[in-house]
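Written below as structure tokens is the structure these notes are about.
All ligand and atom numbering here is 1-based and tracks the order in the structure.
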Amino acid sequence: MSAKVWLVGAGPGDPELLTLKAVRALGEAQVVMIDDLVNPAVLEHCPAARVIPVGKRGGCRSTPQAFIHRLMLRYARQGKCVVRLKGGDPCIFGRGGEEAAWLSARGIEVELVNGITAGLAGATQCGISLTRRGVARGVTLVTAHTQDDSHPEWQALARSGTTLVVYMGVGKLEQVQTGLLDGGLDAATPVAMIENASLPQQRECRSNLVSMCRDAQSFGLRSPAILVIGEVAAEGWYGVLSGIAHRA
Ligand code: SAH
């Protein structure tokens with residue numbers, strides 16, 4: 001066993017959606033640094049490891065990223081096998097690339113392990129096929145929240161002809177809605193808002209572009225949730241849903 005940092009995606013929540021490679025890395029780990037959004041149930045695969053919570057609730061609110069970098073480096077330099085466990089996929093809005101580059105630049109061996117990203121899992125769990133043939137010619141993963149408070153080109157996205165999967169959108173519903181309506185996306189475009197995807201407490205709120213803010217409010221939509229915007233968002237397990245439906 002050699003010093004190494006594995007940057008591992010833990011998937012969206014359901015522990016059965018872990019990859020075999022993630023399970024192997026956990027089995028080899030001596031130190032596991034775990035993010036808030038990771039389901040702690042996956043820790044059954046690393047009973048002997050020291051587990052360190054490093055999410056925002058882990059007590060490192062001021063300089064979390066620098067703190068996490070230094071902690072990974074310290075353990076790797078002690079010769080430990082470190083697993084950095086992140087929700088979903090480590091490289092989809094997960095800083096996996098940044099962390100890998102930072103560690104590699106300091107001579108640490110790094111391996112990235114894919115996880116199933118929440119946007120893809122959430123759609124599938126609700127019976128939505130994001131690139132359904134003849135309906136959507138692609139899918140765009142986009143975050144509504146950026147560190148510098150800039151926002152995506154909603155108007156360009158409205159014209160992209162792809163299904164939009166929006167991460168970190170719960171606090172930005174109005175901006176998403178206004179940007180897409182201004183970009184010419186039809187007010188009746190279906191929207192699915194999926195909370196706690198793949199977990200037993202998963203809930204979905206079906207709406208459309210013009211009603212999404214009001215519907216999210218009466219539904220009590222909370223983070224973590226993803227938004228699926230596009231014609232495919234009217235699909236469900238029972239075929240294409242008619243009108244607006246709420247299912248909890
Ligand atoms: N790397 C992660 C994303 C981290 S950003 C991934 O690939 O999934 C955090 C955002 O991901 C949340 O604000 C939410 O939009 C989404 N998210 C993460 N887990 C989720 C879940 N179980 N259900 C719905 N959305 C989730």
Taking 4.0 angstrom as the limit and counting only heavy atoms of [X], give me the atoms of ligand 1 inside it, by number and element.
X	answer
I92	1 (N), 2 (C), 3 (C), 6 (C), 7 (O)
A225	14 (C), 15 (O), 24 (C), 25 (N)
I194	24 (C)
Y167	8 (O), 11 (O), 15 (O), 16 (C)
T117	6 (C), 7 (O), 8 (O)
N196	22 (N), 23 (N), 24 (C)

Shortest heavy-atom approach to atom 19 (N) of ligand 1 - which of G87, A118, S198: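 Among G87, A118, S198, the closest heavy atom to atom 19 (N) of ligand 1 belongs to A118.
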Looking at [Y] and [X], is any side-chain nitrogen of the basic one under 4.0 Å from a carboxylate oxygen of the acidic one?
X	Y	result
K86	E99	yes
E204	R206	yes
E111	K21	yes

Test side-chain contact (heavy atoms from CB on, under 4.5 Å) applied to V5 and L112, L103, V31, the passing residue: L103
What's the separation between atom [atom1] in [X] and atom [atom2] in [Y], rounded to the nearest 0.5 Å?
X	Y	atom1	atom2	answer
I116	L18	CD1	CG	9.0 Å
T189	D186	OG1	CG	4.5 Å
D14	S198	CG	OG	5.0 Å
R203	I194	CZ	CD1	12.5 Å

Going by distance only, is there an N or O of [X] that falls short of 3.5 Å from an N or O of ligand 1?
X	value
G119	no
L199	no
D89	yes
A197	yes

Any donor-acceptor pair under 3.5 Å from T124 side chain to L120 backbone: yes
Exam field: side chain Q177 to backbone V210, donor-acceptor pair closer than 3.5 Å: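 Indeed, once roles are kept as given, a pair shorter than 3.5 Å links the two residues.
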Nearest neighbour in protein (non-hydrogen) for [atom]:
atom	answer
atom 13 (O) of ligand 1	M168 CG, 3.2 Å
atom 22 (N) of ligand 1	P12 O, 3.0 Å
atom 4 (C) of ligand 1	F93 O, 3.4 Å

Ligand 1 versus T143: contacting region, heavy-atom distance under 4.0 Å: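 It is neither; nothing of T143 touches ligand 1.
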Region of L37 engaging ligand 1 - heavy atom pairs below 4.0 Å: side chain
